[in-house]
Amino acid sequence: AQSVAQPEDQVNVAEGNPLTVKCTYSVSGNPYLFWYVQYPNRGLQFLLKYITGDNLVKGSYGFEAEFNKSQTSFHLKKPSALVSDSALYFCAVSYPSGGSYIPTFGRGTSLIVHP
Amino acid sequence: DAGVIQSPRHEVTEMGQEVTLRCKPISGHDYLFWYRQTMMRGLELLIYFNNNVPIDDSGMPEDRFSAKMPNASFSTLKIQPSEPRDSAVYFCASSLWGGAGNTIYFGEGSWLTVV
């Protein structure tokens with residue numbers, strides 16, 4: 001079985017400061033990891049994904065995420081936060097088990113960037 | 001591409017009425033998903049289709065919920081009869097099979113309120 005945890009319901013950061021949104025996962029093999037963002041009153045949008053290769057993945061809007069196998073984590077980061085980054089962020093994990101590749105989503109973390 | 005298109009965007013209905021939500025996936029995509037999002041339960045996968053065939057409907061909460069995909073470009077999620085606890089945002093999403101790393105594309109959602 002696969003699962004993903006986002007330990008923080010909300011993250012607050014000042015504009016211009018670095019931000020981190022945490023994600024940990026649990027799968028029995030090599031995971032495929034994703035970050036999605038949901039702006040108010042909108043659907044989820046794909047940000048980035050890790051399949052294989054370089055542990056540091058770069059995505060849209062200046063976001064990046066680091067895959068850490070030993071810590072089973074895939075934290076989302078950005079060097080300098082913008083007010084417009086305020087949104088709900090979802091981590092997801094997918095694993096080829098029994099032919100099913102349907103990703104499991106975390107509960108989401110609300111990022112609030114203060115001016 | 002226009003993306004995943006959902007209708008209606010907003011619906012307010014009275015308890016006991018039938019509700020039909022509609023979805024047009026991205027052309028060429030072979031997977032279609034229906035999700036429900038609430039504050040209490042987060043993002044839940046209700047059902048998904050592959051090549052118009054329902055694969056897993058274990059997330060459908062009750063027999064009041066049904067979903068169909070008569071062709072590759074159209075799907076419906078029906079609730080009959082509706083209840084206030086069905087109030088939620090319902091997302092349709094689609095993807096093109098690319099292994100476990102395939103990205104899911106979400107629609108803007110149908111915001112359902114049952115009074």
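Residue numbering restarts at 1 for every chain, and letters A, B, ... go by the order of the sequence lines. When reading the values below, keep in mind they use all heavy atoms of this one structure, side chains included, and skip hydrogens, waters and symmetry mates.
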> Within the 4.5 Å heavy-atom criterion, are A:Y36 and B:F106 side-chain neighbours or not?
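They are in side-chain contact.
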
> Can you measure from CZ (A:R107) to CE (B:M39) and round to the nearest 0.5 angstrom?
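Nearest 0.5 Å value for the CZ-CE distance: 9.0 Å.
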
> When hydrophobic residues are tied together by side-chain contacts of less than 4.5 Å, even through go-betweens, does B:V53 share a cluster with B:I47?
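Per the 4.5 Å side-chain linkage, B:V53 and B:I47 are not co-clustered.
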
> Quick one: what part of B:Y105 sits under 4.5 Å from any heavy atom of chain A, side chain, backbone, both or neither?
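Looking at B:Y105, nothing touches chain A.
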
> If you count the non-hydrogen atoms of other residues, nucleotides and ligands that lie under 6.0 Å from CG in B:D63, is the total more than 12?
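At most 12 heavy atoms, drawn from other residues, nucleotides or ligands, come within 6.0 Å of this atom.
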
> Output the distance between atom CZ (B:F91) and atom CG (A:L44), rounded to the nearest 0.5 Å.
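Between atom CZ of B:F91 and atom CG of A:L44 there are 6.0 Å.
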
> Can you see which heavy atom on B:R9 is nearest to which on A:N41, and at what distance?
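What the structure gives for the nearest pair is NH2-O, 3.6 Å.
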
> More than 12 non-hydrogen atoms from neighbouring residues, nucleotides or ligands closer than 6.0 Å to CD on B:E14, yes or no?
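Open.
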
> Mind checking whether A:F46 and B:Y48 sit in one hydrophobic cluster, side chains of I, L, V, M, F, W, Y counted as touching below 4.5 Å?
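Cluster IDs for A:F46 and B:Y48 match.
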
> Decide whether B:L96 and B:I5 are clustered together by the hydrophobic rule: side chain heavy atoms of Ile, Leu, Val, Met, Phe, Trp, Tyr closer than 4.5 Å, transitively.
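No, no single cluster joins them.
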
> Using non-hydrogen atoms and a 4.5 Å limit, figure out which bit of A:L88 sits close to chain B: side chain, backbone, both or neither.
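The side chain, not the backbone.
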
> Would A:L56 and A:Y89 show up in the same hydrophobic cluster when neighbours are defined by side-chain heavy atoms closer than 4.5 Å?
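In one cluster: no.
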
> Is it the side chain or the backbone of A:Q38 that comes within 4.5 Å of chain B heavy atoms, both, or neither?
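Side chain only.
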
> Mind ranking B:L43, B:L45, B:I104 by heavy-atom pairs under 4.5 Å with chain A and telling me who comes out on top?
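Ranked by contacts with chain A, first place is B:I104.
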
> Is there a path of hydrophobic side-chain contacts, each under 4.5 Å between heavy atoms of I, L, V, M, F, W or Y residues, that connects B:V4 with B:F49?
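Per the 4.5 Å side-chain linkage, B:V4 and B:F49 are not co-clustered.
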
> Could you pull out the closest heavy-atom pair between A:R42 and B:W111, with the gap in Å?
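Looking at all heavy atoms of both residues, the closest pair is N-CZ2, 4.5 Å.
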
> Is there a side chain to side chain contact (heavy atoms under 4.5 Å, CB included) between A:F105 and B:Q37 once you walk through the steps?
CA-CA 11 Å; A:F105 284 83; B:Q37 184 179 34; over 6 Å; no

> Out of A:G43, A:A92, A:P103, which one racks up the most heavy-atom pairs below 4.5 Å with chain B?
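So the answer, after comparing A:G43, A:A92, A:P103, is A:G43.
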
> Examine whether an atom of A:Y50 lies under 4.5 Å from a heavy atom of chain B, and if so say whether it belongs to the side chain, the backbone or both; otherwise answer neither.
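Neither part.
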
> Are any of the side-chain heavy atoms of A:Y32 and B:N102 separated by less than 4.5 Å?
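Side-chain contact under 4.5 Å: no.
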
